[in-house]
Amino acid sequence: MTLAELQRHLERRGLRTTQPRLRLLQFFSHTDGHFTPEEIVERFRLAGEPIPIATLYQNLRVFSEHGLIGEVIGHGGEVRYDTNLTPHSHLRCDHCSKLLDIFLSLPDLQPQGQGHDWQITGARVELQGICPDCQATTSPQLTPTLESD
């Protein structure tokens with residue numbers, strides 16, 4: 001996206017255009033993944049364009065509230081920011097915590113028992129396993145376990 005397109009994107013969301021917001025939106029538009037604020041700060045630092053951590057946190061909150069990025073809870077409970085806004089699920093490696101976007105075909109979900117009268121507006125599914133890289137370094141096969149909340 002050009003800077004003019006990024007600016008229009010912010011304006012359509014009712015957000016004031018600032019240099020940090022443009023830089024951050026440009027980062028997200030050219031990157032796929034799930035990043036912690038610390039990882040984002042480090043990428044900007046390595047690119048020679050440091051961004052103050054307070055400015056970053058403030059803009060991540062604003063972007064999340066306005067639907068420009070999504071939030072995912074990482075393996076250690078940390079918040080990660082997701083650039084993929086299409087409906088999707090996640091696959092997480094139990095060993096290295098790699099997080100991968102996946103697309104599942106889910107049946108029409110309707111809770112049984114408690115919650116049966118709720119109107120479902122969305123679902124988040126996270127599958128856990130061992131990625132191919134970790135499988136290559138781990139010998140024993142694990143038996144999958146299913147947990148329900």
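- Around CD of E49, the count of heavy atoms belonging to other residues, nucleotides or ligands within 6.0 Å exceeds 12.
- For the pair L56 and P37, the tightest heavy-atom approach, listed with the atom from each and the gap, is CD2-O, 3.3 Å.
- Under the 4.5 Å side-chain heavy-atom criterion for Ile, Leu, Val, Met, Phe, Trp and Tyr, F28 and I53 are members of the same hydrophobic cluster.
- Considering L99, V72, D32 as possible partners of D82, the one that fulfils the side chain to side chain contact (heavy atoms under 4.5 Å, CB included) test is V72.
- The CD atom of E5 sits 9.5 Å away from atom OG of S29, with the distance rounded to the nearest 0.5 Å.
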### Task
Run the numbers on L22 and T17 for side-chain contact (heavy atoms from CB on, under 4.5 Å), then give the verdict.
CA-CA 7 Å; L22 285 173; T17 301; 3.6 Å; yes

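- Note on ring orientation: taking the six-membered ring where Trp is involved, the planes of F27 and F44 are tilted (angle from 30° to 60°).
- Salt bridge present: E78 and R80 bring a charged side-chain N and a carboxylate O closer than 4.0 Å.
- Although no hydrogens or angles enter the test, the distance criterion places no donor-acceptor pair under 3.5 Å between the side chain of R13 and the main chain of L68.
- Counting only distance, with no hydrogens or angles, the side chain of H9 and the backbone of Q7 share no donor-acceptor pair below 3.5 Å.
- Rounded to the nearest 0.5 angstrom, H88 NE2 and T86 OG1 are separated by 6.0 Å.
- E39 has no carboxylate O lying under 4.0 Å from a charged side-chain N of R43, or vice versa, which leaves the two without a salt bridge.
- Contact annotation: the side chain of V62 approaches that of R21 to within less than 4.5 Å [non-hydrogen atoms, C-beta and beyond].
- Scanning both residues, C93 and I130, for their nearest heavy atoms gives SG-CA, 3.9 Å.
- When every heavy atom of F103 is checked against every heavy atom of N84, the shortest pair comes out as CZ-ND2, 3.8 Å.
- A heavy-atom distance below 4.5 Å is found between the side chains of I40 and L60.
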### Task
Check step by step if side-chain hydrogen bond (donor to acceptor under 3.5 Å, both in side chains) holds for D133 and H95.
CA-CA 10 Å; D133 291 339; H95 287 202; over 6 Å; no

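- In terms of heavy atoms, P20 sits closest to N59 at CB-ND2, 4.2 Å.
- Residues near L46 contribute nothing to a hydrophobic cluster around it, because no ILVMFWY side-chain heavy atom sits closer than 4.5 Å to its side chain.
- Taking both residues in full, the closest heavy atoms of S89 and L104 are given as OG-CD1, 3.7 Å, listed atom of the first, atom of the second, then distance.
- Taken together through direct or relayed side-chain contacts under 4.5 Å among Ile, Leu, Val, Met, Phe, Trp and Tyr, I102 and L85 form parts of separate hydrophobic clusters.
- Between Y81 and T83, every side-chain heavy-atom pair lies at or beyond the 4.5 Å cut-off.
- E42 approaches R45 most closely through the heavy-atom pair OE2-NH2, 2.6 Å.
- A donor atom on one side chain and an acceptor atom on the other are found under 3.5 Å apart for E71 and S64.
- Looking only at side-chain heavy atoms (C-beta outward), E11 and R16 stay at 4.5 Å or farther from each other.
- Rounding to the nearest 0.5 Å places CG of D101 at 10.0 Å from CG of L91.
- In this structure, Q58 contributes its side chain and T55 its backbone to no donor-acceptor pair below 3.5 Å.
- Residues L10 and T18 have side chains not in contact (no heavy-atom distance under 4.5 Å, counting atoms from C-beta outward).
- In terms of modelled atom types and a separation under 3.5 Å, the side chain of H116 and the main chain of Q112 share no donor-acceptor contact.
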### Query
Could you go step by step and tell me if K98 and R92 meet the side-chain contact (heavy atoms from CB on, under 4.5 Å) rule?
CA-CA 6 Å; K98 179 179 182 177; R92 179 186 317 278; over 6 Å; no

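- In the hydrophobic clustering of ILVMFWY residues, with side-chain heavy atoms under 4.5 Å counting as a link, Y57 and L15 come out together.
- Checking side-chain atoms of H30 against main-chain N and O of Q26 turns up a donor-acceptor pair under 3.5 Å.
- In this structure the side chain of R23 reaches within 4.5 angstrom of the side chain of I51, judged on heavy atoms.
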